[in-house]
Amino acid sequence: MESIRAGITARGRANEPLSLRLTVAEMRPLAPGFTRVVLEGAGLAQYRAPRPADAFKLELSADDTGRPLLRAFTVREFDAATRRLTFDIAHHERGVAVNWLATVSPGDAVTLAGMRPEWVAADGVRDHVLIGDDTAVPAIAAIIDSLGPEHRVWAYVPTDLLPRHPNLELRLRTDVETHTPEAISARRRTQVWVAAEAAAVRRVRAHVLGAWGVARADLLARAYWKRGLTNTDTDAASLLGYREAVLAGGDIHDPALAERIDLGL
Ligand SMILES: Cc1cc2nc3c(=O)[nH]c(=O)nc-3n(C[C@H](O)[C@H](O)[C@H](O)COP(=O)(O)OP(=O)(O)OC[C@H]3O[C@@H](n4cnc5c(N)ncnc54)[C@H](O)[C@@H]3O)c2cc1C
């Protein structure tokens, strides 16, 4: 059975990084604390191999240096026929993305950059545990959408903003230390995905590998933000990590590499 990493290495290169000028087609409140944004544009024809929970960057308002500020988001839905891409923004107190939301309107232009796989199904695995805060809810929802009824899913998230699935067990808390999914108790091979604030992710990751005994190759843990640091700060730190990894022959499309760099493993 392939590991998550082997699958990513085999299938993760289908999308070249994108750089697309798109138009904001729609914006609407999705639920308290979340805004849904739909982008459209002919350039989305270049997004040829969408996978659940792919992530991209938006170039938002320029800083004093004139450089655009990049903020990461997740493809919640993609309609290749109409070339429309939907993503959801979780609100927080202050930030470039929050400011952008307050000023942007349908018809405005925005640049989308990159496109990176954040999750790949491990071949043959039927049991999935998905753990995340508000910023990971769009990714978790997209992953659940991609899983057929033969799969079983345990989701630990702070909101019920998830699609229906016949075998979804939802816990509206991320207290993995006090609750063990049945797949883990039954010692079935389980694929686990975690994304949230960096310190929370390190804590959950340690529990999943230790108390739950999940194999290292079946876990992907990603820092989606770091307390006290802007996305610009974290990108600058990651860039150094990627430079070193590439020089050492690493694959920049491999989410496991992103995990090691983000979490400082
Ligand atoms: C691969 C990937 C995919 C992502 N997908 C999504 C997505 O689909 N939807 C989404 O909403 N977010 C997503 N995020 C998280 C998002 O990129 C960050 O939260 C980002 O910092 C938001 O930018 P900002 O301009 O609002 O805040 P920034 O300017 O980056 O930060 C300003 C301040 O707010 C703090 N902060 C940042 N995020 C949060 C938060 N969520 N809660 C509380 N404080 C925060 C920072 O530590 C900083 O102190 C994703 C991140 C990654 C890496």
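First listed ligand is number 1; within each ligand, the first listed atom is number 1. What's counted below: heavy atoms across the whole structure, side chains too, no hydrogens, waters or symmetry copies.
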With respect to [atom], which of [options] exhibits the smallest heavy-atom separation?
| atom | options | answer |
| --- | --- | --- |
| atom 24 (P) of ligand 1 | Lys57, Glu197, Arg71, Arg222 | Arg71 |
| atom 16 (C) of ligand 1 | Ala72, Ala55, Gly228, Ala198 | Ala72 |
| atom 42 (N) of ligand 1 | His91, Arg76, His92 | His92 |

_Counterpart residues, ring-ring contact (aromatic ring centres under 6.0 Å, His included), relative to His92 (two or more places apart)_ =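 With neighbours one apart ignored, the set is empty.
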
Side chain, backbone, both or neither: which applies to [X] and ligand 1 if a contact is any heavy-atom pair less than 4.0 Å apart?
| X | answer |
| --- | --- |
| Glu93 | neither |
| Leu69 | neither |
| Leu229 | backbone |
| Tyr224 | both |
| Ala90 | both |

*asked:* My understanding is that only one of Ile140, Asn167, Leu170, Leu147 makes a side-chain contact (heavy atoms from CB on, under 4.5 Å) with Val153; could you say which?
replied: Leu147

Tell me which protein heavy atom sits closest to [atom], plus the residue, atom name and distance to 0.1 Å.
| atom | value |
| --- | --- |
| atom 19 (O) of ligand 1 | Trp225 CB, 3.8 Å |
| atom 47 (O) of ligand 1 | Lys226 O, 2.8 Å |
| atom 6 (C) of ligand 1 | Thr135 O, 3.4 Å |
| atom 21 (O) of ligand 1 | Asn231 CB, 3.9 Å |
| atom 8 (O) of ligand 1 | Thr74 N, 3.0 Å |
| atom 31 (O) of ligand 1 | Thr230 CA, 3.6 Å |

For [X], counting its heavy atoms only, list the atoms of ligand 1 lying under 4.0 Å from any of them.
| X | answer |
| --- | --- |
| Val98 | 26 (O) |
| Arg227 | 47 (O) |
| Ile89 | 11 (O) |
| Pro138 | 8 (O) |
| Glu118 | 1 (C) |
| Val96 | 24 (P), 25 (O), 29 (O) |
| Arg94 | 32 (C), 33 (C), 34 (O), 49 (O) |

*Mark the output for Phe87 as yes if a heavy-atom distance to ligand 1 is under 4.0 Å, and as no if none is.*
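Outside the 4.0 Å threshold, so no.
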
_Side-chain donor/acceptor of Asp79 to backbone N/O of Ala81, under 3.5 Å_ = yes

*Do the side chain of His207 and the main chain of Val176 share a donor and acceptor less than 3.5 angstrom apart?*
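Pair found, side chain donor or acceptor close to backbone of Val176.
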
*Determine, using the 4.5 Å side-chain heavy-atom cutoff (strictly less than), whether Val192 and Leu265 are members of one ILVMFWY cluster.*
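Yes, Val192 connects to Leu265 through the hydrophobic network.
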
*May I ask you to test the Phe73-Ile89 pair for a side-chain heavy-atom distance under 4.5 Å?*
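Contact flag for Phe73/Ile89 side chains = yes.
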
*Do the side chains of Leu30 and Thr35 get nearer than 4.5 Å, heavy atoms only?*
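They are not in side-chain contact.
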
_Min N/O separation Asp88 to ligand 1 under 3.5 Å_ =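 N/O-N/O distance below 3.5 Å exists for this pair.
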
Distance-only criterion, 3.5 Å: show the donor-acceptor pairs between side-chain atoms of residues 219-231 and protein atoms not counting sequence neighbours.
unit_1	atom_1	unit_2	atom_2	d
Arg222	NE	Glu118	OE1	2.9
Arg222	NH1	Asp262	OD2	2.1
Arg222	NH2	Glu118	OE1	3.3
Arg222	NH2	Glu118	OE2	3.1
Tyr224	OH	Glu118	OE1	2.9
Trp225	NE1	Asp133	OD2	2.9
Lys226	NZ	Asp262	O	2.8
Thr230	OG1	Thr232	N	3.3
Thr230	OG1	Asp233	N	3.1
Thr230	OG1	Asp233	OD2	3.2
Asn231	OD1	Ala72	N	3.1
Asn231	ND2	Thr234	OG1	3.4

_Side chains of Thr111 and Arg21, donor plus acceptor under 3.5 Å_ =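 Per modelled atom types, Thr111 and Arg21 side chains form a pair under 3.5 Å.
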
*asked:* I need the Arg71 CZ to Ser61 OG distance, nearest 0.5 Å.
replied: 8.5 Å

*OG1/Thr190 to CZ/Arg187 distance, rounded to the nearest 0.5 angstrom?*
11.0 Å

*Answer yes when Glu77 and Arg84 have at least one side-chain N-carboxylate O distance shorter than 4.0 Å, and no when they do not.*
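No, no charged N to carboxylate O under 4.0 Å.
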
*Can Arg188 and Glu182 be counted as an ion pair, charged N to O under 4.0 angstrom?*
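Glu182 and Arg188: salt-bridged.
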
*asked:* Which label fits Phe87 and Phe56: parallel for a plane angle under 30°, tilted from 30 to 60°, or perpendicular past 60°?
replied: perpendicular

